[in-house]
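Heads up, the thing below is written out as structure tokens.
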Amino acid sequence: MIPIQTNSSFVERVLRTPGFGSRAKLESLALNHEEPLALLQAVIDHKLLLKEDACRLWSDWLNIAYVDVLASGITLEAAKHIPLEIARLVRAIGLYVIDGVLTVAMATPEDGTLVRRLEQIAQIPLSPVFCLPCEIDDAISIIYATERSIADRLLELERNALFAEPDLAVERISELAKTETLVHVLNEIIHFALRERATDLHIEPLEIHSRIRFRIDGTLRDVLTFPKNLHRAVLSRLKILSDLNISESRLPQDGRFSTPLGTEKANFRLSIVPTMHGEKAVVRVLSSATRRAMITLDTMLMSQRILVPFRRLIRNPNGIIFVAGPTGSGKTTTLYAAIDEINSPRINISTIEDPIEIPVPGVMQSQINPHIDLKFSTLLRAYMRQDPDVILIGEIRDPETAKIAMEAALTGHLVFATLHTNTAPQAIVRLMEIGVEPYMVAPSITAVLSQRLAARICDKCKESYFPPRDVLLKYFTAETITDIPFYRGRGCAHCRHTGYRGRVAFHELVIITEDIRQMISERRSVQEITRAAFKGGYRPIRYDGLNKVLLGLTTIEEIEENCSFDLAE
């Protein structure tokens, strides 16, 4: 028996947990971690239990609910009930208010005295829940980050006389990029981007100053400007994080970096390009950064006329299903939702990605590595010898990968893949354009789903209105026009006065019929294939967009911005 009385009850629970790791390792950790929370963290760090299992075991021991704050929706209004200094001191953060009660994530929710003191400070009844201390620390950094806090950090940096020197040597820039103040500045920027749900961060040099912009809900928004003399140091810090050459400023560079986020890491992709006024950096926030729960097909708001056949198609034993659309249109998210729907112990599912965005339990996921010539085609050939049932290919970029994917579909495997095309019918022709023979495309492809992402109307400030007749005539014939209410957002604090918060997807689905297969074999044009698809029930993406407008999910303006008008419609 482990001679640590304060932890013995928890230790016994761990030992009885299915899937538990090493007893000897646990005994060693218990001897070296007399503080209960330290032992819990050690159990997770040494992978004796999955974090979710360990935390739920701990919360059951406390008889208090467990919440992963980094995967939960924290409202700013709830967080404001507890001042930043207090939140950091006692490791507590407000999550949301329901029926006049503030749910607070705490490292020590069993401390009744602390809960009562927080109630006095917050001036509202509290419902404490448990969360790991490291996750509360990171959640506080994210939720309390503001433009003002970033501006204050930049001002502090500007006051440093070292940054006033116009031409610093590379060695000096490297030293400055590692200073504590600059590290804090970049951390503040990243945390604020995560809080604002940004997908991309743009750090851009202009003529007399530099600026930071975030892409939120598909739209670029100005965040702040900062002195030009700090720009090179900020870029150098990003290069150091990404293991790039800080002395190179004439050529484009690409890299990746990670920052700790709770018990895991937030992952980012960096692109740097030289411009007239200096180097511009764009940081892509990868899906795993915010650690949100995986989106399922049920929560994607896919129209029933598309969802029902798509669900049937992903259960086919063989064939290839493409998801098409431009960069950033949510193709990978849809593919994850599809494999999550069919995932089971009876099916061997493997993925080839660049990068792996969301870990999927029970799925073998591999990431390409161009530096060692580990390409999509190389991994796909290897997986074909791994007895696969389902293969997900992050992107088909070259004829070799496309041909192997087609061969896999023809030899009894179900393949999911993405393509960059504007419409679903174009994806079919695109395959032949990159060098795949029609005799391989025609029998292997089963369907193409194309999608776009549009901004979603903010639920807090949504209002109905009746558009003028000339606007309605763009979407309806004169005979069918009635008093149809449309919706828009007035703008409020919840959506930063934009009227939009979140995204909604528009879809179009082409199911490959025998007529279309014959057209593919005959190398018919995309216009002819589109007309044949119409006969099979295909409707262009604007049709689905209009349905989402009538449901009050988005606006007419979003249809115009995200869906091109095709004369074939």
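Just so you know, these numbers use all the heavy atoms, side chains as well, and skip hydrogens, waters and symmetry mates. Since we're looking at a predicted model, the values are computed, not measured.
- Between R91 and E135 there is no salt bridge, since no side-chain nitrogen of the basic residue lies less than 4.0 Å from a carboxylate oxygen of the acidic one.
- No hydrogens or angles considered: nothing links the side chains of Q386 and S350 as a donor-acceptor pair under 3.5 Å.
- For R452 and E558, the salt-bridge test fails: no basic side-chain N is under 4.0 Å from an acidic carboxylate O.
- Side-chain atoms of D217 come within 3.5 Å of backbone atoms of G502 as a donor-acceptor pair (strictly under, hydrogens ignored).
- Judged by distance alone, the side chain of N369 and the main-chain N or O of L374 form no donor-acceptor pair under 3.5 Å.
- Evaluation of the side-chain contact (heavy atoms from CB on, under 4.5 Å) rule for L453 yields R503, A505 as partners, not counting sequence neighbours.
- No side-chain donor from either of Y500 and T219 sits under 3.5 Å from a side-chain acceptor of the other.
- The pair R496-E196 counts as a salt bridge, with a side-chain nitrogen and a carboxylate oxygen less than 4.0 angstrom apart.
- Using a 4.0 Å cut-off between charged side-chain N and carboxylate O, D398 and K375 make no salt bridge.
- When atom types are taken as modelled, the side chain of E508 and the backbone of A424 share a donor-acceptor pair closer than 3.5 angstrom.
- When all heavy atoms of I82 and A87 are compared, the closest pair comes out as CG2-N, 3.8 Å.
- A donor-acceptor contact shorter than 3.5 Å is absent between the side chain of R213 and the backbone of H202.
- Remark: the backbone N or O of Y487 is not paired with any side-chain donor or acceptor of T555 at under 3.5 angstrom.
- Side chain to side chain, Y336 and T351 fail the donor-acceptor criterion of an N or O pair below 3.5 Å.
- Residues I74 and I142 are not in side-chain contact: their nearest non-hydrogen atoms beyond the backbone lie 4.5 Å or more apart.
- Note on residues 251-260: pairs passing side-chain hydrogen bond (donor to acceptor under 3.5 Å, both in side chains), not counting sequence neighbours, are D254-S271, R256-D354, S258-N267.
- At a cut-off of 3.5 Å, with distance as the only test, no side-chain donor of S249 or E279 sits close to an acceptor on the other residue.
- Distance alone, capped at 3.5 Å, is enough to place a donor-acceptor pair between the K548 side chain and the L301 backbone.
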